[in-house]
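Below is one structure; the comments refer to it alone.
Since the structure is predicted, the reported quantities are computational estimates derived from the model, not experimental observations.
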Amino acid sequence: MPSVSASLFWIALCAVVAPLLAGLVPRKLVPEVVLLLIAGVIVGPHVLDLAVVGSEIDLLRELGLGMLFLLAGYEINTSELTGRAGRRALITWLSCLVLAFVVVGLLGLSGAIDAEIAVAIALTSTALGTLLPILKDSGMLGTRLGRTVLNHGAFGELGPVIAMAILLSSRGAGASLVVLAAFAAAAVGVAFIPAGLRREGSKLASIIRLGSETTAQTTVRLTMLLLVTLIAVATIFDLDIILGAFAAGFILRRARPAGDEKLEAKLDGLAFGLLIPIFFVTSGMAIGVKAVAAAPGILLAFLVLILLVRGLPVFFAERFDRGPDLEDPPPTARERGQVALYAATGLPLIVAVTEVAVNAGQMTASNASILVAAGAITVLVLPLTASLLGSKPEPKPVERVP
């Protein structure tokens, strides 16, 4: 078995090679995330067996997942979520969940699918954290399409996490709701701390501000403390760490409503330079190639279900988008297709849901591996397809000769 140091070397090598290869592809059509996943499959225990995920690397992986969702939560505009676009995204996700339960329930009656609840929740997820670097690199974050993807992605992340906590918990729905409320109260309590630290004129605020540009790096350390604190709170309440990380991102945005370019650059360096690549490479390492190769029909069925349950409702829902003031033209079919493809991209939550189902004995490891592989393929294919769909110029109208 490879040692921890050898495993970390191969993971670090993958993290360096992936962006170099992505830069060789014209117009960066293949996202770096895709190459990180492929590299993880190659060096992982199911192919070359050069690297394994032990407890030490798993800690870095968890931090990478946490940073991924902290940054995703930080990018979300809460006013968008509470506006028309946010309400439409919420209703769309709820429609996806109902559709998922209906479709998966019918398949469960035929014996084609086990762990119906877990599969249904996984089908409704959107990998907003995974899409974030793709949207950043393509310059889409500030565009109308980028904001729409963020809205659908926010509920495509939060919705499944909450559904997991309620429907897959051994505590029961009532007790789970109480636990969620307790976590929300704890997160609100934590949210008041950054505001107190920023109080103008206080000695502590001055020390933090001055230390942010020295070796103390106070703002970065406070951000990491915020992340670790909420992850720990989520763990205490037996909730997925994604919920804690997402809450940390929201709180950080509340503390810096106008943004902070210097802090953001430092966090990007820490997250995308080290921790997030480790998460994606190790996610690729978890894919059981033999199990996937032995059941290509099931893999294809999962992919079709993801597009049907998550992509199709989003495609139809975007017909009603007229902008915040109801004055914008509706999106074209091509733009709605892009949003639908991005919304159907899922991986981190599929990994989380399948882990819960496997640990509970509701799902076999082979079926979980196939479902994770389907999520990985959505990351490999759907953003690329959306990019190609958006790169095609609209046909010019034919000029009539008078």
Side-chain angles (χ1 to χ4, degrees), residues 15 19 32-33 59-81 128-143 146-147 149-150 153-154 157-158 187-234 241-280 348:
E32 177 191 332
V33 171
L59 176 61
L60 294 175
R61 168 189 164 81
E62 295 288 307
L63 283 175
L65 179 63
M67 285 298 294
L68 195 64
F69 283 92
L70 179 143
L71 293 176
Y74 180 74
E75 290 292 345
I76 292 171
N77 188 341
T78 53
S79 63
E80 285 269 349
L81 292 184
L128 179 58
T130 304
L131 291 173
L132 185 62
I134 298 174
L135 297 175
K136 272 180 174 287
D137 291 342
S138 62
M140 288 174 52
L141 273 183
T143 66
R147 291 192 298 270
V149 173
L150 286 179
E157 295 284 15
L158 285 174
V188 169
V190 172
F192 284 105
I193 298 175
L197 295 177
R198 291 178 63 246
R199 189 175 295 112
E200 294 297 331
S202 71
K203 182 65 175 177
L204 185 57
S206 177
I207 293 173
I208 293 172
R209 185 168 55 254
L210 293 174
S212 64
E213 299 303 322
T214 68
T215 55
Q217 293 296 319
T218 48
T219 52
V220 175
R221 296 188 190 187
L222 283 169
T223 301
M224 294 305 298
L225 176 61
L226 172 66
L227 173 63
V228 173
T229 298
L230 285 172
I231 286 178
V233 172
I241 68 168
I242 291 173
L243 191 60
F246 224 97
F250 278 120
I251 293 172
L252 184 61
R253 172 57 74 180
R254 180 179 179 274
R256 300 282 184 176
D260 186 329
E261 291 185 4
K262 291 183 178 180
L263 175 60
E264 291 163 16
K266 294 172 185 177
L267 293 179
D268 283 349
L270 176 61
F272 294 109
L274 174 65
L275 297 173
I276 290 176
I278 291 176
F279 167 74
F280 283 121

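- Leu131 is not listed as a side-chain neighbour of Val33, based on a closest heavy-atom distance of 4.5 Å or more.
- The closest donor-acceptor contact from the side chain of Glu213 to the backbone of Leu210 lies at 3.5 Å or more, if one exists at all.
- Rounded to the nearest 0.5 angstrom, Leu68 CG and Leu275 CG are separated by 10.5 Å.
- A salt bridge does not link Glu261 to Lys266: none of the charged side-chain nitrogens sits closer than 4.0 Å to a carboxylate oxygen.
- Looking only at distances, no side-chain donor or acceptor of Ser212 sits under 3.5 Å from a matching main-chain atom of Thr219.
- Across every non-hydrogen atom of Arg254 and Ala191, the tightest pair is NH1-O, 3.1 Å.
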Checklist entry - Is there a side chain to side chain contact (heavy atoms under 4.5 Å, CB included) between Leu71 and Phe272 once you walk through the steps? => result CA-CA 10 Å; Leu71 293 176; Phe272 294 109; 3.7 Å; yes

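- Atoms CD1 and CD, on Ile276 and Glu32 in that order, are 10.0 Å from each other to the nearest 0.5 Å.
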Checklist entry - For Leu81 and Leu150, what are the C-alpha separation, side-chain angles and deciding distance, and is it a side chain to side chain contact (heavy atoms under 4.5 Å, CB included)? => result CA-CA 9 Å; Leu81 292 184; Leu150 286 179; over 6 Å; no

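- Taking the side chain as every heavy atom from C-beta outward, Leu252 and Leu267 approach each other to under 4.5 Å.
- How far CZ of Arg61 is from CG of Leu65: 7.0 Å, rounded to the nearest 0.5 Å.
- The closest side-chain heavy-atom distance from Leu128 to Ile76 is below 4.5 Å.
- The two atoms that bring Ala72 and Phe246 nearest to each other are CB-CE1, 4.5 Å, heavy atoms only.
- When all heavy atoms are compared, the tightest approach of Ala245 to Gly66 is CB-O, 3.3 Å.
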Checklist entry - What do the steps show when you test Leu270 against Met224 for side chain to side chain contact (heavy atoms under 4.5 Å, CB included), and what is the final call? => result CA-CA 10 Å; Leu270 176 61; Met224 294 305 298; 3.7 Å; yes

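- Side-chain contact between Leu70 and Thr223 is present, with at least one heavy-atom pair separated by less than 4.5 Å.
- Summarising the geometry, atom CD belonging to Glu62 is positioned 8.5 Å from atom CZ belonging to Phe279; distances are rounded to the nearest 0.5 Å.
- Scanning all heavy atoms of the two residues, the minimum distance from Ala271 to Met67 falls at CB-CE, 3.7 Å.
- Interatomic distance, Leu243 CG to Glu157 CD, rounded to the nearest 0.5 Å: 11.0 Å.
- Because its NZ or CZ atom is both nearer than 6.0 Å to the ring centre of Tyr74 and within 45° of the ring axis, Arg253 counts as a cation-pi partner of that residue.
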Checklist entry - So Leu230 and Ile251, side chain to side chain contact (heavy atoms under 4.5 Å, CB included) or not? Walk me through it. => result CA-CA 10 Å; Leu230 285 172; Ile251 293 172; 3.6 Å; yes

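- Taking each heavy atom of Leu274 and Ile278 in turn, the nearest pair found is O-CG1, 3.3 Å.
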